[in-house]
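Structure first, then comments.
Every number for a ligand or one of its atoms is a count from 1 in the order of the listing.
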Amino acid sequence: MVNETKPQYSPGLAGVIAGETAICWVDPAAGLMYRGYDIHGMAEKATFEEVAYLLLNGELPNAKQLAEFTQQIAAQRALPDAVTEMMRLLPKSTHPMDMLRTGVSMLSAFDKDLNDNSHDANIRKSIRLIGRISTLITDGWRISQGQKPFPEKPELTQAANFFYKLDGKIPEDWKSRMLDTIFNLYADHEFNASTFAARVTASTLADIYAAVTSAVATLKGPLHGGANEESAKMLEEIGSQDRADAWLTKKLQTKDKIMGFGHRVYKKGDSRVPAMREIGRDLGKRTGKEQWIPICEKLEEVMDREKHLCANVDLYAAPVFWMLGFPPKLNTPLFAASRVAGWCAHVVEQHDNNRLIRPRSLYVGPELRPYPGSPK
Ligand code: ACO
């Protein structure tokens with residue numbers, strides 16, 4: 001047996017640098033930048049397509065490039081008929097994240113570039129994935145509700161189209177603008193769990209669909225993207241601001257995990273929270289549902305007092321999606337509709353300069369012992 005020196009071990013890979021990236025930097029002191037641009041200021045002004053272009057290509061597009069890229073994504077939104085048919089075959093109770101994961105995996109079979117991991121082919125496949133993930137979510141939702149999907153409207157942006165494909169109405173400009181900002185806030189976050197899963201998969205030289213399927217599967221969990229659906233349940237249970245303090249204090253006494261709080265990297269606040277909170281306040285006024293943001297603010301106050309823990313973006317995403325009219329089961333898929341841009345950019349980066357990601361584990365099992373022979 002080879003004697004190994006005891007390796008450094010960090011449970012959950014906390015603080016471990018697992019690779020290099022030029023795509024995104026998460027500043028533990030509540031900052032976030034994509035390709036060198038501070039997300040604040042850009043998120044509220046750029047369309048999601050502009051940010052997706054930046055993540056994938058490394059530079060902001062000029063007007064012509066942006067128009068072309070926006071049109072290319074829109075032109076790829078339609079799903080192969082067999083994929084739509086597959087969604088009809090799934091039980092109506094299938095969670096939208098499971099439908100999405102199955103859909104992404106199935107889409108791979110219809111892509112002629114599937115096994116080409118070159119840079120250009122990966123960019124082409126990224127454009128298809130960004131367009132089609134959105135359609136898998138919206139059409140999948142309508143099918144699960146016993147309704148027919150709406151025909152494509154390629155003249156709409158990703159944000160406007162997301163609303164249209166759910167209820168057949170073209171949204172007001174302010175609503176699309178808001179969803180663009182939300183998509184921009186969610187678009188990338190360096191080596192978060194789903195992106196890391198995508199990079200591990202890509203590092204075996206598996207294709208981009210395999211990597212994005214891994215990412216969707218990983219995003220579903222409530223400690224990651226699934227938290228924004230769980231936060232919605234929590235806020236509904238609390239119901240009003242005056243109940244928040246007692247509700248939270250009791251949950252903390254029983255050592256429950258509170259969804260929408262805490263973060264592996266941010267310890268002084270999540271860079272995305274102030275913008276999401278502002279959107280929530282604005283929506284409260286526009287929709288007359290002004291009770292939700294004060295509940296979140298009260299929870300923040302109590303959590304700071306009791307545990308010194310900060311809210312993360314998923315706390316405020318829950319009421320924001322609700323007030324925008326989305327059903328809570330679509331909260332995590334909405335996250336995926338945006339994060340696909342980051343996942344794809346990371347797969348492109350991984351394939352362009354690949355090394356297999358294969359860490360070690362610390363063996364804590366029994367000492368070497370003799371095999372006693374098969375039971376008689
Ligand atoms: N509720 C209650 N206690 C918490 C929470 C929480 N949300 N988050 C952390 N803690 C506690 C931990 O139990 C730990 O307590 P202990 O020292 O008594 O054992 C302490 O705070 C420190 O925890 P960390 O080591 O900082 O947590 P870790 O980095 O392992 O986990 C995680 C981060 C998974 C995000 C965690 O905070 C959590 O479970 N949050 C709730 C789920 C959530 O909102 N996820 C969304 C993350 S953001 C995103 O994906 C967009």
Contact partition for Ala193 relative to ligand 1, non-hydrogen atoms under 4.0 Å: neither
Location of contacts on Leu315 toward ligand 1, heavy atoms closer than 4.0 Å: neither
4.0 Å heavy-atom contact, Phe335 with ligand 1: yes
Note, Met99 side chain near Leu136 side chain (heavy atom, < 4.5 Å): no
Any protein heavy atom < 4.0 Å from atom 41 (C) of ligand 1: yes
Protein non-hydrogen atom found under 4.0 Å from atom 50 (O) of ligand 1: yes
Atom 27 (O) of ligand 1: any protein heavy atom closer than 4.0 Å: no
Phe321, Phe335, Trp141 screened by side-chain contact (heavy atoms from CB on, under 4.5 Å) with Leu330, the one that passes: Trp141
Exceeds 12 heavy-atom contacts within 6.0 angstrom, atom NZ of Lys267: yes
Asp256 heavy atom under 4.0 Å from ligand 1: yes
Option set Ile258, Leu309, Val265, criterion heavy-atom distance to atom 3 (N) of ligand 1, minimum: Leu309
Heavy-atom nearest neighbour of atom 18 (O) of ligand 1 within options Lys307, His308, Lys255: Lys307
Atom indices of ligand 1 within 4.0 angstrom of Met303 heavy atoms, with elements: 1 (N), 2 (C)
Over 12 non-hydrogen atoms of neighbours within 6.0 angstrom of CD in Glu236: no
Lys/Arg N to Asp/Glu carboxylate O, Asp98 vs Arg101, below 4.0 Å: yes
Heteroatom proximity flag, Gly260 to ligand 1, N/O under 3.5 Å: yes
Protein non-hydrogen atom found under 4.0 Å from atom 20 (C) of ligand 1: no
Closest protein heavy atom (residue, atom, distance) for atom 39 (O) of ligand 1: Lys257 CD, 3.1 Å
Any non-hydrogen protein atom less than 4.0 Å away from atom 13 (O) of ligand 1: yes
Sole candidate of Lys125, Arg132, Arg128, Arg124 that passes side-chain hydrogen bond (donor to acceptor under 3.5 Å, both in side chains) when paired with Asp111: Arg128
Salt-bridge criterion met for Arg277 and Glu300 (N-O under 4.0 Å): yes
Any protein heavy atom nearer than 4.0 Å to atom 32 (C) of ligand 1: no
Test item, Ser231 contacting ligand 1 (heavy atom, 4.0 angstrom): no
Contact atoms of ligand 1, heavy-atom distance to Ala227 under 4.0 Å: 43 (C), 44 (O), 45 (N), 46 (C)
Closest protein heavy atom (residue, atom, distance) for atom 45 (N) of ligand 1: Leu223 O, 2.9 Å
Cluster overlap Leu107 with Ile123, hydrophobic side-chain contacts below 4.5 Å: yes
Polar proximity ligand 1 side, Arg264 side, N/O cut 3.5 Å exclusive: yes
Residues that Thr204 engages under side-chain contact (heavy atoms from CB on, under 4.5 Å), provided they are two or more places apart: Ala206, Leu356
Lys250, NZ atom: more than 12 neighbouring heavy atoms under 6.0 Å: no
Which segment of His189 sits under 4.0 Å of ligand 1 when only heavy atoms are counted: neither
Heteroatom proximity flag, Asn312 to ligand 1, N/O under 3.5 Å: yes
Which residues share a side-chain hydrogen bond (donor to acceptor under 3.5 Å, both in side chains) with Asn331, sequence neighbours left out: none
Heavy-atom nearest neighbour in the protein, as seen from atom 35 (C) of ligand 1, with distance rounded to 0.1 Å: Gly262 O, 3.8 Å
Any N or O of Met259 closer than 3.5 Å to N or O of ligand 1: no
Exercise: do Asp245 and Thr249 side chains pair donor with acceptor under 3.5 Å: yes
Residue and atom name of the nearest protein heavy atom (relative to atom 24 (P) of ligand 1), distance in Å to one decimal: Lys267 NZ, 4.1 Å
Side-chain donor-acceptor contact under 3.5 Å, Ser271 with Tyr266: yes
Side-chain ion pair, Arg281 and Glu290, N-O less than 4.0 Å: no
From CZ (Arg339) to CD1 (Ile133), nearest 0.5 Å: 12.5 Å
Nearest non-hydrogen protein atom, atom 36 (C) of ligand 1: Phe261 O, 4.3 Å
